[in-house]
Amino acid sequence: MTRSTAFARLSAMIMPEPTIRRLDRVNDDLIGRLADILIDCVEGGASVGFMHPLSRDRALAFWRRVADGVASGGRVLQIAEDESGPCGTVQLVLDLPENQPHRADLVKMLVHRRARRRGLGAALVRAAEAEARARGRTLLVLDAVTDGDGSRLYERLGWVRVGDVPGFALMPGGAPCSTTFYYRDLAASRTGPVDPALPA
């Protein structure tokens, strides 16, 4: 066992496990903390829809739009918190066309670099899947950088790779990257049509 591996295991034993919870509203203080996570991910090279450098004003504006979506019921926002505060987040987009009442998009799964290598990404994805099931959503869709850390995580968790689109997006530094699309069927044993009146 290397020294870094031993240190990581020791740290995991000492630090309490992060908790994950769904937010029904997002206040200004939390918007600031979520902006910190987004900025950290972009600085770390994550392709999550923003270019580097990401200004704090732009990050705050993004999270204010998310907060509006949470308030209207069009989005579900879950956050992970550890001893230092919010350290990860994931969203479900529910506001989709009326012919897709059974579906949601999983977006912006973000983990601050200080909280990585603790299984938090997998826990956030599982929490989002559970929330989707609770809301009657049986099909989830997402995209990730081809063969990146995220895509490897989703495949380990059982998401099905649909295909790759070369040059679909840019990395934060400006280089083009391929994007892979995935889906997750949450209705393996479910039959019959989806009730469009299920809660959003």
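Below, all heavy atoms of this structure are taken into account, side chains as well, without hydrogens, waters or symmetry copies. Keep in mind it's a predicted model, so treat the numbers as computed, not measured.
V90 and L186 fall within a single hydrophobic cluster, where Ile, Leu, Val, Met, Phe, Trp and Tyr side chains are chained together by heavy-atom contacts under 4.5 Å. Y154 and L140 fall within the same hydrophobic cluster, defined by Ile, Leu, Val, Met, Phe, Trp and Tyr side-chain heavy atoms under 4.5 Å apart, directly or through other members. Residues L38 and V125 fall into different hydrophobic clusters, defined by Ile, Leu, Val, Met, Phe, Trp and Tyr side chains chained together at heavy-atom separations under 4.5 Å.
Using a 4.5 Å cut-off on side-chain heavy atoms (C-beta onward), L120 and D82 make no contact. In this structure the side chain of L153 reaches within 4.5 angstrom of the side chain of M109, judged on heavy atoms.
Atom-to-atom distance recorded for E131:CD and R137:CZ is 11.0 Å, nearest 0.5 angstrom. The distance from the CG atom of L54 to the CG atom of D57 is 10.0 Å, given to the nearest 0.5 Å. Rounded to the nearest 0.5 Å, atoms CG (L60) and CD1 (I31) are 7.5 Å apart. Atom CG of L34 sits about 9.0 Å away from atom CG of L110, to the nearest 0.5 Å.
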Checklist entry - Please walk me through it: do R64 and D68 pass salt bridge (Lys or Arg N to Asp or Glu O under 4.0 Å)? => result CA-CA 6 Å; R64 289 188 184 108; D68 289 343; over 6 Å; no
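Of the residues listed (L106, V111, T89), the one engaging L124 in a side chain to side chain contact (heavy atoms under 4.5 Å, CB included) is V111, and it is the only one.
The ring-ring contact (aromatic ring centres under 6.0 Å, His included) contacts involving residues 61-80 comprise F50-F62, where partners must be two or more places apart or lie in separate chains.
Partners of F168 by ring-ring contact (aromatic ring centres under 6.0 Å, His included), not counting sequence neighbours, listed by chain and number: F181.
The pair D149-R152 meets the salt-bridge criterion, since a charged nitrogen lies less than 4.0 angstrom from a carboxylate oxygen.
Heavy atoms only, all atoms of each residue included: L77 and Q91 are closest at CD1-CG, 3.7 Å.
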